[in-house]
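Have a look at the structure below, then the notes.
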Amino acid sequence: MGSGAEFDAIRRLLATWGAAAVGIGDDAAIVDIPAGERLVVSTDATVENVHFRRGWLTAEEIGARAAAAALSDLAAMAATPRGLLVALGLPEEWLGQLDDFARGVGAVAVAAACPIIGGNISASRELTLTLTVLGSAAHPLRRAGAQPGDIIFVTGRLGGAGAAVKALYDGRAPDPAHRVRFASPMPRIREALWLAARGAHAAIDVSDGLLADAAHLARASGVSIALDATALPRVGGVSVDEAAASGEEYELIIAAPREMASLADEFSRTFDLELTAIGTVAAASGEAVTMAGMRGDAHVGHDHLASH
Ligand SMILES: [Mg+2]
């Protein structure tokens, strides 16, 4: 991509983003952080043929999904979004869909109240979107914080994203209720801030799957987590095993004191989203995560997840 084409492309992005893009034009962006808060930063790459295949998603969905995945990491930290940077590797044949990508990124950024503050475009053989998010928090919520006696909660309903990907791999059309969970996840930013303000101890977002991510949280906290398979909130048409393994859900797993359970109804009314108690935290004992109530019971220990 020559410099003329690159500037044209940037102009198209800025035209599509309108007021969602803020402070672009200097050599670098300036981000104000409220006094007493800490900067929270994450970057996330979406690569064609690794994270999705052409034909599975529209260009707008690819953009929206990439933004949601990146912002979900700020949600997991209970950080307020302060800025989003978008680096695009763009093959020639995707150039015609640039406005659609931009629309998808912009819609999620606006919904998360996150200004788009910069980025970069270059020619590329495969489509790549690398999104960097900046946030801030006085007390970021971390993975290490779960305490024995805490309850494990999850937001939303699990299984849709995994079921949709499985159908797509198998060459079937996914159930629309599953597809929307894969194509249009929403970062749970406001939900996380609400939970953190009400005493949540630790959080992680579901990107690898409930069992794997609960194990990450357990290991970081030095505790063991016992999940109740019968309590898992699932989308229709999905088994417990599928819900527990479904990745890229971008829901939140929270460890919180028992009292949080009494706020679940208020949470659901506020966000039109379920908050479900699915397990308990105990002192570390052998396995990071166990899940009882499944056929054969699933035990996920440290060793099995060493590669994570
Ligand atoms: Mg994460």
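Order of listing sets the numbers, starting from 1, for every ligand and every atom in it. Heavy atoms only: backbone and side chains are in, while hydrogens, waters and symmetry mates are out. Quick caveat, the model's predicted, so the values are computed rather than measured.
Aromatic ring pairs are classed by plane angle as parallel below 30°, tilted from 30° to 60° and perpendicular above 60°; the pair Y169 and W56 is perpendicular.
Around the Mg ion (ligand 1), the protein N, O or S atoms found under 2.8 Å comprise D73 OD1, D205 OD1.
The 12-atom threshold is exceeded at CZ of R103, counting heavy atoms of other residues, nucleotides or ligands nearer than 6.0 Å. Residue R198 places its CZ atom among more than 12 non-hydrogen atoms of other residues, nucleotides or ligands, all under 6.0 Å distant.
Between R234 and E242 there is no salt bridge, since no side-chain nitrogen of the basic residue lies less than 4.0 Å from a carboxylate oxygen of the acidic one.
Hydrophobic clustering, with ILVMFWY side chains joined whenever heavy atoms are under 4.5 angstrom apart, keeps M77 apart from L141.
Listed here is the closest heavy atom pair of Q147 and V281: O-CG1, 3.3 Å.
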